[in-house]
Trainee: 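My questions will all concern the structure given below.
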Amino acid sequence: MYKSITLASLAAVSMLLAAGCTNPQTNAALNNRINELEAEIKQLKASDQGMINLREFFDTYYQNGQISESLVYRYMKSLELPADPTPEQVKDYLQKISKLNNYNYRGSIQGEITEQLGKLDHSYLEVLIPYIGQINSIQNTVRKLVTKEDRPLILKYLKGGDQQMSYQLVEIYKGIADASDREFLLEILPKNPNLLSALSDCPPEMLLPIVTAKLLNDNNFNNRDQWLSYALKNLDDEARTEFLKKYWRGLRETNRSDRSNMTYVALQLLPYGFKPAFTFMAMNLQLLRNDNYRMNQFLSFTPSSSEGEFKQWYDANADDIVFDDDIGIFIVPKSKK
């Protein structure tokens, strides 16, 4: 605002001189004032970027509930890191960038952030990690900088239990973990489901108790399908049958009003011949009418090629339908025809 007043003052004085509205005695004073104003403007321009206050700047320039994209970029330019920043300068930059999450603005600033973070080398890794859950661009930067020698550092933060950063750290840790970390990974696995793929070399007898327990107690979490697939593929026939009964019962109890979610799981159970899932799908096939992919996926487990054909077949044979393990579909035995 002060800059605007200074510019306006300079313009007004200049207009007076140009219009000849002053006498010779006042010209000298006006010229001196012009010189003073120009000096002030030069000083303001030199310090303009450093004077931008985040809250004042954004609260002042809101437009239709959003901050102007050009103003966001202008603010980003004021935050550029020097060529060899100190750890304190990097922390200050990350703190200011993380505060942008409190605002609604147009455009994307990820490119600008990535460019600035590209100036950093491995020595800044520990400065970056605490912000990995707050700034999207940091994950890729940390992934590029981290090495297997950094396992103790990543483990330190994972053991700290900060859920805001755990998912991103787990994704990075999966790339550098080794067999010596197995015990710890198994310990934190229930709260970090995306770790399952990092334990692919772990014997099923060690993983299955953890996997099945979580599925039976929480059937709606990220990576659920991956966990369910692991359980179904690694349980023996008897254990799988018992697990499916419990899992399906819990699923129905917690999804009474969400049949759509049930269809996703039911389709996953069909290859294992689980009749309750097949019956559920047969009774709720209308949920797939706008989803050709899943409709065809379901029909592939039947002798039918269309919804109408299936309905006619199912209504005539519902009580006699069984799963044929040899061909992997639900059929009516020849003895029942």
Trainee: Give the C-alpha distance, both sets of side-chain angles, the deciding distance and a yes or no for side chain to side chain contact (heavy atoms under 4.5 Å, CB included) between Phe301 and Met281.
Mentor: CA-CA 11 Å; Phe301 291 100; Met281 291 300 302; over 6 Å; no
Trainee: Could you tell me the separation between the CD atom of Glu126 and the NZ atom of Lys156, rounded to the nearest 0.5 Å?
Mentor: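 Rounded to the nearest 0.5 Å, the CD-NZ separation comes to 4.0 Å.
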Trainee: In the structure I gave you, are the side-chain heavy atoms of Met295 and Leu285 within less than 4.5 Å of one another anywhere?
Mentor: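 Result yes, sub-4.5 Å side-chain heavy-atom pair found.
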Trainee: Taking it one step at a time, do Leu216 and Phe243 satisfy side chain to side chain contact (heavy atoms under 4.5 Å, CB included)?
Mentor: CA-CA 8 Å; Leu216 292 175; Phe243 166 77; 3.8 Å; yes
Trainee: Minimum heavy-atom separation for Leu186 and Cys202, please, with both atom names.
Mentor: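 Smallest heavy-atom distance, with atoms named: CD2-SG, 4.2 Å.
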Trainee: For Tyr314, what residues pass the side chain to side chain donor-acceptor pair (under 3.5 Å) criterion, not counting sequence neighbours?
Mentor: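 For Tyr314 there are no side chain to side chain donor-acceptor pair (under 3.5 Å) partners, ignoring immediate neighbours.
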Trainee: Decide yes or no on side chain to side chain contact (heavy atoms under 4.5 Å, CB included) for Phe280 and Trp248, but give the supporting numbers first.
Mentor: CA-CA 11 Å; Phe280 173 84; Trp248 186 254; 3.7 Å; yes
Trainee: Atom OG in Ser229, atom OH in Tyr272: separation rounded to 0.5 Å?
Mentor: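 It comes to 5.0 Å.
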Trainee: When you measure from the centre of the six-membered ring of Tyr264, is the NZ or CZ of Arg294 closer than 6.0 Å and no more than 45° off the axis?
Mentor: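 Judged by the rule, Arg294 and Tyr264 form a cation-pi pair.
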Trainee: For the pair Glu307 (side chain) and Arg289 (backbone), establish whether a donor and an acceptor sit closer than 3.5 Å, ignoring hydrogens and angles.
Mentor: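 It does not hold such a pair.
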Trainee: Identify the heavy atoms of Ala231 and Leu208 that sit nearest to each other, and give their distance.
Mentor: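 Here Ala231 and Leu208 meet closest at CA-CD2, 4.0 Å.
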Trainee: Just verifying a value: how many Å separate Asp326 CG and Ile329 CD1, rounded to the nearest 0.5 Å?
Mentor: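 Between atom CG of Asp326 and atom CD1 of Ile329 there are 11.0 Å.
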Trainee: Can you find a heavy atom in the side chain of Ile138 that is under 4.5 Å from one in the side chain of Leu94?
Mentor: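 Yes, close enough: below the 4.5 Å cut-off.
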Trainee: How about Lys275: does its NZ atom have over 12 heavy atoms from other parts shown lying under 6.0 Å from it?
Mentor: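 Yes, because the 6.0 Å sphere around NZ of Lys275 holds more than 12 heavy atoms from other groups.
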Trainee: Would you say that more than 12 heavy atoms from the other residues, nucleotides or ligands in this model lie under 6.0 Å from the CD of Glu205, or not?
Mentor: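 Atom CD in Glu205 is crowded, with more than 12 foreign heavy atoms closer than 6.0 Å.
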Trainee: Rounded at 0.5 Å granularity, tell me how far CZ in Arg143 sits from CD1 in Ile132.
Mentor: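 Reported to 0.5 Å precision, the distance equals 8.0 Å.
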Trainee: Could you check whether any side-chain N or O of Lys174 sits under 3.5 Å from a backbone N or O of Asn194, counting only pairs where one atom can act as donor and the other as acceptor?
Mentor: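 The answer is yes, because a donor-acceptor pair under 3.5 Å joins these two groups.
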Trainee: With distance as the sole test, does Asn317 use its side chain to make a donor-acceptor pair with the main-chain N or O of Asp320 at under 3.5 Å?
Mentor: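 A pair under 3.5 Å: no.
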Trainee: Below 30° counts as parallel, above 60° as perpendicular, anything between as tilted: where do the rings of Trp227 and Phe221 land?
Mentor: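 Perpendicular.
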Trainee: Are Ile331 and Ile321 connected in the hydrophobic side-chain network, where two residues link if heavy atoms are under 4.5 Å apart?
Mentor: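 No, separate clusters.
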Trainee: Are any side-chain N or O atoms of Asn192 and backbone N or O atoms of Ile188, one a donor and one an acceptor, separated by less than 3.5 Å?
Mentor: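 Here the side-chain-to-backbone pair exists.
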Trainee: Side chains of Tyr124 and Lys91, heavy atoms from C-beta outward: is any pair under 4.5 Å?
Mentor: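 No - every pair of side-chain heavy atoms lies 4.5 Å or more apart.
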Trainee: Measure across Pro82 and Lys119 and return the closest heavy-atom pair with its distance rounded to 0.1 Å.
Mentor: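 For Pro82 versus Lys119, the nearest heavy atoms are O-CD, 3.9 Å.
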Trainee: For residues Leu196 and Asn223, determine if any side-chain heavy atom of one lies less than 4.5 Å from a side-chain heavy atom of the other.
Mentor: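 A side-chain contact under 4.5 Å is absent here.
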Trainee: Got more than 12 heavy atoms from elsewhere within 6.0 Å of CD, Gln89?
Mentor: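 Enclosed: over 12 neighbouring heavy atoms sit under 6.0 Å from CD of Gln89.
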Trainee: Look only at the side chain of Asp218 and the backbone of Lys214, and say whether a donor-acceptor pair between them is shorter than 3.5 Å.
Mentor: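 Answer holds: no.
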Trainee: May I ask you to check whether over 12 heavy atoms, not counting those of Glu183, lie within 6.0 Å of atom CD?
Mentor: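 No - once you tally the heavy atoms of other residues, nucleotides and ligands closer than 6.0 Å, there are 12 at most.
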Trainee: Is a side-chain N or O of Gln134 found less than 3.5 angstrom from the main chain of Tyr131, in a donor-acceptor match?
Mentor: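 No; judged by distance alone, with no hydrogens or angles, the pair does not exist.
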Trainee: Can you hop from Leu155 to Ile129 via hydrophobic side chains spaced under 4.5 Å?
Mentor: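 Leu155 clusters together with Ile129.
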Trainee: I'd like to know whether Met76 forms a side chain to side chain contact (heavy atoms under 4.5 Å, CB included) with Ile113, so could you lay out the CA-CA distance, the side-chain angles of the two residues, the decisive distance to 0.1 Å, and finally the verdict.
Mentor: CA-CA 8 Å; Met76 291 297 298; Ile113 298 175; 3.8 Å; yes
Trainee: Got a second to check how far Tyr247's OH is from Phe274's CZ, nearest 0.5 Å?
Mentor: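 Going from the OH atom of Tyr247 to the CZ atom of Phe274 covers 11.0 Å.
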Trainee: Taking all non-hydrogen atoms of both residues, which atom of Leu228 and which atom of Val265 are closest, and how far apart?
Mentor: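 Scanning both residues, the minimum pair turns out to be CD2-CG1, 3.9 Å.
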Trainee: So, taking the atom named CD in Gln297 and the one named CG in Leu299, what distance separates them when rounded to the nearest 0.5 Å?
Mentor: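 Output value for this atom pair is 10.5 Å.
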Trainee: Testing the basics here: between Ala277 and Leu270, what is the closest heavy-atom pair and its distance to 0.1 Å?
Mentor: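 The pair with the smallest heavy-atom distance is C-CD2, 4.1 Å.
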Trainee: For Ser260, is there any backbone N or O sitting under 3.5 Å from a side-chain donor or acceptor partner on Thr263?
Mentor: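 Answer holds: yes.
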Trainee: Does the side chain of Leu207 come within less than 4.5 Å of Leu189's, by heavy atoms?
Mentor: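 Yes, their side chains come closer than 4.5 Å.
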Trainee: Counting only heavy atoms from other residues, nucleotides and ligands, does the tally under 6.0 Å from CG of Asp84 exceed 12?
Mentor: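 No, CG of Asp84 has 12 or fewer neighbouring heavy atoms, counting only those of other groups under 6.0 Å.
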Trainee: Ignoring hydrogens, what is the shortest heavy-atom contact between Ile176 and Lys148? Give both atom names and the distance.
Mentor: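 Nearest pair, atom of Ile176 first, then Lys148: O-NZ, 3.7 Å.
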Trainee: Measure from the ring center of Phe310 to the ring center of Phe298 and say whether it is less than 6.0 Å.
Mentor: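 That pair passes the under 6.0 Å test.
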Trainee: Considering only heavy atoms from C-beta outward, does the side chain of Leu117 approach that of Val90 to under 4.5 Å?
Mentor: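 When only atoms from C-beta onward are counted, Val90 and Leu117 do not touch, as no gap falls below 4.5 Å.
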Trainee: With a 4.5 Å cut-off on side-chain heavy atoms, are Leu125 and Val142 touching?
Mentor: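 Heavy-atom side-chain distance check passes, below 4.5 Å.
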Trainee: Can you get from Leu269 to Val322 by hopping between Ile, Leu, Val, Met, Phe, Trp and Tyr side chains that sit under 4.5 Å apart?
Mentor: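 Different clusters.
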Trainee: Is it true that, when you exclude Glu80 itself, more than 12 heavy atoms of the residues, nucleotides or ligands shown sit nearer than 6.0 Å to its CD?
Mentor: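 Yes, because the 6.0 Å sphere around CD of Glu80 holds more than 12 heavy atoms from other groups.
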Trainee: Hey, any chance Leu267 and Leu287 share a hydrophobic cluster, counting ILVMFWY side chains that come within less than 4.5 Å of each other, even indirectly?
Mentor: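 As far as the 4.5 Å side-chain criterion goes, Leu287 and Leu267 are not connected within one cluster.
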Trainee: Under 4.5 Å between any side-chain heavy atoms of Val211 and Asn234, yes or no?
Mentor: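 The answer is no; the side chains never approach within 4.5 Å.
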Trainee: Counting distance only, does the side-chain N/O of Thr241 pair as donor-acceptor with the main-chain N or O of Asp237 below 3.5 Å?
Mentor: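 Between the backbone of Asp237 and the side chain of Thr241 there is a qualifying donor-acceptor contact (under 3.5 Å).
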Trainee: For the backbone of Ser137 and the side chain of Asn140, can you confirm whether one donor and one acceptor N or O come within less than 3.5 Å of each other?
Mentor: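 Checked: no pair found.
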Trainee: Please determine whether the number of non-hydrogen atoms from other residues, nucleotides or ligands lying under 6.0 Å from atom CG of Asp201 exceeds 12.
Mentor: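 Check passes, neighbour count above 12.
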Trainee: Arg240 side chain to Leu232 main-chain N or O, any donor-acceptor pair under 3.5 Å?
Mentor: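 Confirmed, Arg240 side chain pairs with Leu232 backbone.
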